[in-house]
Protein chains: 2
Amino acid sequence: MDSHNHNQCITKCLQDAHHIAVQAGKKLTPQRLQVLQILLNDHRAVGAYDILAIMQRKPLEDRTKPQPPTVYRALEFLLELGLIHKVESQNSYYACTIDKPENRQHVAQAFICNLCGIVEEKAALAGAQGLYKKADGFGFKIDRVIMECRGTCAVCQTEQRQTGQRANTATGVNI
Amino acid sequence: MDSHNHNQCITKCLQDAHHIAVQAGKKLTPQRLQVLQILLNDHRAVGAYDILAIMQRKPLEDRTKPQPPTVYRALEFLLELGLIHKVESQNSYYACTIDKPENRQHVAQAFICNLCGIVEEKAALAGAQGLYKKADGFGFKIDRVIMECRGTCAVCQTEQRQTGQRANTATGVNI
DNA sequence: AACTGTTATGTTATAATATAACAGTTGGAG
DNA sequence: CTCCAACTGTTATATTATAACATAACAGTT
Ligand SMILES: [Zn+2]
Ligand SMILES: [Zn+2]
Ligand SMILES: [Zn+2]
Ligand SMILES: [Zn+2]
């Protein structure tokens with residue numbers, strides 16, 4: 001059902017990432033890159049401590065085992081550049097898959113499967129317009145929009161059995 | 001600017017609450033009622049531990065000082081009945097202000113002021129339709145929709161000064 | 001090279017949010 | 001009355017995130 005070439009997807013995202021970082025005058029350092037790669041590894045949302053566990057299993061050259069602040073700093077950096085998004089309803093993170101014409105932020109609609117954790121990301125177009133218009137109606141100035149849909153993806157609906165593989169990110173994600 | 005009669009608003013919400021609880025065959029016990037009243041006290045989003053602090057300052061008759069599970073149990077109950085909502089992007093909670101025709105859940109759009117913490121709640125109508133339609137397009141079955149707008153309310157835009165009163169819920173909310 | 005400002009990272013500890021687990025209590029249904 | 005289910009109390013712990021301070025790496029300047 002999925003005509004998704006993930007190798008190509010990763011390559012494209014990494015190119016974009018370097019480009020965006022340079023444009024913003026920032027550096028995509030090895031650690032930041034590692035976090036981005038972990039999130040790019042598949043299209044699931046991954047928790048900060050799952051990322052930490054992965055990094056600790058494969059520490060970078062000449063580096064000690066990373067600690068929580070290392071992960072959160074990298075996440076903050078990547079969030080600011082719009083390279084990743086946070087799933088607020090699950091305290092987890094996923095790599096942005098939307099084409100970024102300039103390096104502008106966009107309003108993301110995330111469809112998160114409660115069973116397998118996969119995230120399907122769409123750009124909010126008309127949907128966001130309505131929110132901005134509604135906010136204008138009572139003088140509210142929007143800085144940031146969060147739109148998340150929790151539910152069941154097509155694959156998990158087909159497989160009746162609950163796989164229980166959800167949130168098993170620490171062991172399921174390889175880098 | 002705000003033609004809001006809050007006493008009336010609270011009364012109405014409490015009536016609805018009792019009605020909805022009875023219809024669902026559940027009980028609005030004193031503790032649950034206390035949590036609801038704390039959230040009804042104003043239209044700000046309040047954190048679980050702020051609620052806890054308030055409850056500990058004014059414990060109910062014949063009750064010891066409540067502990068975290070007490071608060072989270074009450075919040076879970078009220079969430080299930082749709083009487084309150086959680087602000088996922090801030091780990092806080094606010095009382096639902098939308099008229100509830102039956103006791104059906106609704107999709108809430110929350111406009112949260114980053115400065116004063118006030119929440120303006122709207123019911124998502126057309127906006128949610130678009131999401132459900134979009135989800136249908138790739139076979140995703142939606143259980144729950146989260147729509148949050150973070151920004152600045154009209155009042156806080158007028159007052160240039162940052163009041164810094166945001167999140168000062170433990171001391172600011174009286175019951 | 002030595003100095004300096006800036007960004008990035010390391011390290012330790014702790015804050016903030018949320019739940020597990022089990023014991024006790026209560027209030028109706030039968 | 002007895003039993004069951006719902007509710008509550010209690011202790012401990014899990015999970016998520018940040019504060020605070022020290023050090024390193026780097027770039028430009030003299
Ligand atoms: Zn995106
Ligand atoms: Zn799935
Ligand atoms: Zn509501
Ligand atoms: Zn405000």
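Atoms considered below: every heavy atom in the structure, side chains included; atoms not considered: hydrogens, waters and symmetry mates. Letters A, B, ... mirror the listed sequences (proteins, then strands); counts begin at 1. As the structure is a computational prediction, the values presented were derived from the model and not from experiment.
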Response to the item:
Any strand, both distances under 3.5 Å, Watson-Crick or G-U wobble: D/dT29 pairs with C/dA2

Worksheet item: Quick one: B/Q90 CD to D/dT16 P, roughly how many Å, whole number?
Response: 19 Å

Worksheet item: To the nearest angstrom, how far is B/E76 atom CD from D/dT8 atom P?
Response: 12 Å

Worksheet item: Any donor and acceptor pair, going by atom type alone, linking the side chain of B/T70 with main-chain N or O of B/P66 inside 3.5 Å?
Response: no

Item to complete: Name the nucleic acid region contacted by B/R63, choosing base, sugar-phosphate or nothing; use a 4.0 angstrom heavy-atom cut-off, strictly under.
Response: sugar-phosphate

Item to complete: Report yes or no: do B/I10 and B/L39 belong to one cluster of Ile/Leu/Val/Met/Phe/Trp/Tyr joined by side chain heavy-atom distances under 4.5 Å?
Response: yes

Item to complete: For C/dT17, take OP1 and OP2 only and decide whether either is under 4.0 Å from a side-chain N or O of B/Y49.
Response: no

Fill in: Touch class at under 4.0 angstrom, heavy-atom based, for A/K26 against every strand present
nothing

Discussion item. I want to confirm an ordering. Mapping A/K27 and A/R73 to their closest nucleotides on DNA chain D, which one lands closer to the 5' end?
Written reply: A/R73

Response to the item:
Between CD of A/Q31 and C1' of C/dA8 the distance, given in whole Å, is 9 Å

Practice prompt. Could you check how far CG of A/L75 sits from C1' of C/dT9, rounded to whole Å?
Written response: 15 Å

Fill in: Euclidean distance, atom CG of residue A/L79 to atom P of D/dA17 [Å, nearest integer]
11 Å

Discussion item. Using a 4.0 Å heavy-atom cut-off, does A/Y93 contact any base of the nucleic acid, only the sugar-phosphate backbone, or nothing at all?
Written reply: sugar-phosphate

Worksheet item: Quick check, are the ring centers of B/H85 and B/Y94 under 6.0 angstrom apart?
Response: yes

Worksheet entry | Closest listed nucleotide, where the reference is the side chain of A/N91 and the choices are D/dT16, C/dT9, D/dT10 | D/dT16

Worksheet item: In a check of side chain to side chain contact (heavy atoms under 4.5 Å, CB included) between A/I54 and each of A/N41, A/V71, A/I38, which one passes?
Response: A/I38

Discussion item. From CD of B/Q67 over to C1' of C/dA21, roughly how many Å is that when rounded to an integer?
Written reply: 15 Å

Practice prompt. Take the protein atom CG of A/L52 and the nucleotide atom C1' of D/dT18, then report the distance between them rounded to whole Å.
Written response: 14 Å

Worksheet item: Is D/dC3 paired to anything, Watson-Crick or G-U wobble with both distances less than 3.5 Å, and if yes, which nucleotide?
Response: C/dG28

Item to complete: Would you kindly give the CZ-to-P distance between B/F77 and C/dT19, to the nearest whole Å?
Response: 17 Å

Item to complete: Taking only the side-chain heavy atoms of B/T64 (C-beta and beyond), determine which of D/dA17, D/dT11, D/dG9 contains the nearest atom.
Response: D/dG9

Item to complete: Please check the phosphate of C/dA18 (OP1 and OP2 only) for any side-chain N or O of B/Y72 closer than 4.0 Å.
Response: yes

Worksheet item: Hey, does B/K65 reach any base, or is it just sugar-phosphate, or nothing, if we go heavy atoms under 4.0 Å?
Response: nothing

Worksheet item: Touch check for B/P69, heavy atoms < 4.0 angstrom, all strands: base, sugar-phosphate only, or nothing?
Response: base

Fill in: Any side-chain donor near an acceptor of the partner, A/Q157 and A/T152, under 3.5 Å
no

